[in-house]
Amino acid sequence: MKKITVKYLTDTISSQELSDLKELLRKKENQEIFKEYVKDYYDVNTLLSKPDVDVAYEKLWSAIEKQEKPKRRILPIWSKYAAAAVVVFMFSLSYYFVQNQKPTEVLNTFVEAVEPGGDKAILTFDDGLSVSLEKGKHYNTEDVTSNGEQLVYNKKEDTRISYNYLTVPRGGKFEIILADGTKVWLNSESKLKYPVHFKQGETRKVELVYGEAYFDVSSSENHNGAKFKVVSNLQEVEVLGTEFNIKAYKDDASVYTTLAEGKVAVNNEAFKEVLKVNEQSIISDVKDKIKIKTVNVYNETAWRKGIFSFKGKSLKEIMKALSRWYDIDIIIENKKLEDIQFNGVLSKKLNLEEILVPIKRNINLNYVVYDKKIILK
């Protein structure tokens, strides 16, 4: 990988390519297309301190081609280096990409775009009553309020012990603020069980029934020293005031806990380990030794900020994440592809086809689309 600067890019692309690019952007409609790209990707690019060249190239060129049809194409298909130059000129940022990697023709297309997921969840009360929550839909009770994107519980004393469940389906995400002020972000296909109110002085305990959740725990100092615990499949996590991520999907063989801030103790029936920041525990059985490894916390938790960070992820892991977010079944027919790694950072706002384009470009991959199912060849 090579770091590219503004100067390097201007030296690399030919004067004809640069001239073509300037000519292209003189057209008002093409400028508007690029402005839409900037609007869609600016948050992600700022967060990463680098634009996503692959996505910029594909989205810009695809949109321009659609506008040009059935008109005669006035420009040749210029390289992605030219598109990269525009991004750098616009943002004055630096970024990385593999040199001499040419875009491949996209042979596989969707009849209809598979749109990304969004804010939605099902709130279930202790009496079994359920309420659907979704963006733009407000819900209020004596104990809890929701604006359709976040669920907030009122902070008050209550001697009753009652539990609620928040279930996020495939294709969904949701945030919740518990009665003690703890914030929880739930990823697609996840379920959380928690008390409506916490008893003062007693251990605050919640259960990640399945799925993935990021916790920003209200410090025990604010609750008379009361500890915070998260129970999930195969493990229990004890917290003193911290931020961490638990990934415990039903179709994963292991449970992963990643520490972003503070301190947690992870234990199963046989072992206990204290995690340091940037460490991840891996538990595969209630009696197995707990494995610890150092990880990049951003890559493990980027999902809650609306980003897919696939750095060092296998195709099998990537397709699991995509199937949950886009609520579509993805089958890897060619098992030799499962362990191939792909490095990429992409916005979760993209439709599925836009996500698959850069993956296809880097991996010799073809896919067949059947309604709500994709088969990778």
Side-chain angles (χ1 to χ4, degrees), residues 37 40-41 43-44 52 54-56 58-59 62-63 106-122 132-136 148-149 166-175 185-191 210-214 245 247-252 299-311 313-334 337-338 340-363 365-377:
Y37 158 73
D40 287 348
Y41 293 95
D43 289 340
V44 174
D52 188 323
D54 289 332
V55 175
E58 286 298 334
K59 184 161 185 174
S62 174
V106 180
L107 301 175
N108 312 95
T109 57
F110 293 80
V111 176
E112 294 182 3
V114 180
E115 298 299 332
D119 300 295
K120 56 184 175 181
I122 298 172
S132 295
L133 307 173
E134 58 187 56
K135 192 171 184 178
E149 300 174 38
L166 188 65
T167 306
V168 178
R170 284 161 59 101
K173 66 181 178 70
F174 220 79
E175 298 177 21
W185 288 260
L186 288 173
N187 206 349
S188 303
E189 201 173 6
S190 301
K191 186 173 185 177
Y210 57 80
E212 184 170 21
Y214 185 96
N245 191 85
K247 183 180 178 185
Y249 281 107
K250 292 183 286 187
D251 58 351
D252 284 344
N299 292 339
E300 301 298 322
T301 62
W303 63 266
R304 76 183 182 96
K305 296 182 179 179
I307 300 167
F308 285 121
S309 183
F310 292 142
K311 292 187 176 181
K313 300 295 183 182
S314 69
L315 190 65
K316 184 177 181 179
E317 292 176 286
I318 292 170
M319 293 306 152
K320 277 187 178 182
L322 295 181
S323 67
R324 291 171 185 139
W325 181 237
Y326 293 95
D327 189 16
I328 189 168
D329 293 328
I330 303 178
I331 300 170
I332 304 178
E333 188 176 82
N334 184 355
L337 298 173
E338 289 187 342
I340 294 177
Q341 292 191 343
F342 170 79
N343 289 304
V345 180
L346 302 165
S347 170
K348 293 181 75 172
K349 295 179 181 179
L350 296 171
N351 67 45
L352 183 56
E353 190 168 13
E354 290 172 312
I355 290 284
L356 289 177
V357 164
I359 297 176
K360 177 179 171 58
R361 181 182 298 114
N362 285 272
I363 300 173
L365 179 70
N366 285 308
Y367 53 87
V368 178
V369 181
Y370 295 102
D371 192 21
K372 294 286 284 183
K373 181 183 292 185
I374 298 176
I375 299 177
L376 306 184
K377 300 289 186 177

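Residues: numbered from 1 along the sequence shown. All of these numbers come straight from a predicted model, not from anything done at the bench.
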Candidates K320, R170, K373, R324 - the one meeting salt bridge (charged side-chain N to carboxylate O under 4.0 Å, His left out) with D329: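 Answer to the salt bridge (charged side-chain N to carboxylate O under 4.0 Å, His left out) test with D329 among K320, R170, K373, R324: R170.
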Once rounded to the nearest 0.5 Å, what's the spacing between atom [atom1] of [X] and atom [atom2] of [Y]?
X    : Y    : atom1 : atom2 : result
F342 : I359 : CZ    : CD1   : 5.0 Å
R304 : L186 : CZ    : CG    : 12.5 Å
L365 : L337 : CG    : CG    : 6.0 Å
I340 : I318 : CD1   : CD1   : 10.0 Å
E175 : Y214 : CD    : OH    : 12.0 Å
K173 : W185 : NZ    : CH2   : 11.5 Å

Minimum heavy-atom distance between [X] and [Y], given as atom pair plus value:
X    : Y    : result
S347 : I355 : O-CD1, 3.7 Å
G148 : D119 : O-CB, 3.5 Å
I332 : K316 : CD1-CA, 3.8 Å
W325 : P116 : NE1-CB, 3.5 Å
Y326 : V114 : CD2-O, 3.7 Å
F310 : A321 : CE2-CB, 4.4 Å

Test item: [X] and [Y] side chains (from C-beta on) under 4.5 Å apart, heavy atoms:
X    : Y    : answer
M319 : L356 : yes
L315 : E338 : no
N187 : V168 : no

SB check K313 E300 (cutoff 4.0 Å): yes
Lys/Arg-Asp/Glu bridge criterion (N-O < 4.0 Å) met for D327, K120: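 Here D327 does not pair with K120 in a salt bridge, since their nearest N and O are not under 4.0 Å apart.
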Stepwise salt bridge (Lys or Arg N to Asp or Glu O under 4.0 Å) test for E333 and K377: CA-CA 6 Å; E333 188 176 82; K377 300 289 186 177; 3.1 Å; yes
Candidate pair W303 and K348, rule side chain to side chain contact (heavy atoms under 4.5 Å, CB included), full reasoning: CA-CA 8 Å; W303 63 266; K348 293 181 75 172; 4.1 Å; yes
Side chain to side chain contact (heavy atoms under 4.5 Å, CB included) assessment of L376 paired with I330: CA-CA 7 Å; L376 306 184; I330 303 178; 4.1 Å; yes
Expected output: side-chain S188 to main-chain G172 donor-acceptor under 3.5 Å: yes
Residues in side chain to side chain contact (heavy atoms under 4.5 Å, CB included) contact with K191, at least two apart in sequence or another chain: Y165, T167, V209, Y210
Stepwise side chain to side chain contact (heavy atoms under 4.5 Å, CB included) test for L322 and F308: CA-CA 9 Å; L322 295 181; F308 285 121; 3.8 Å; yes
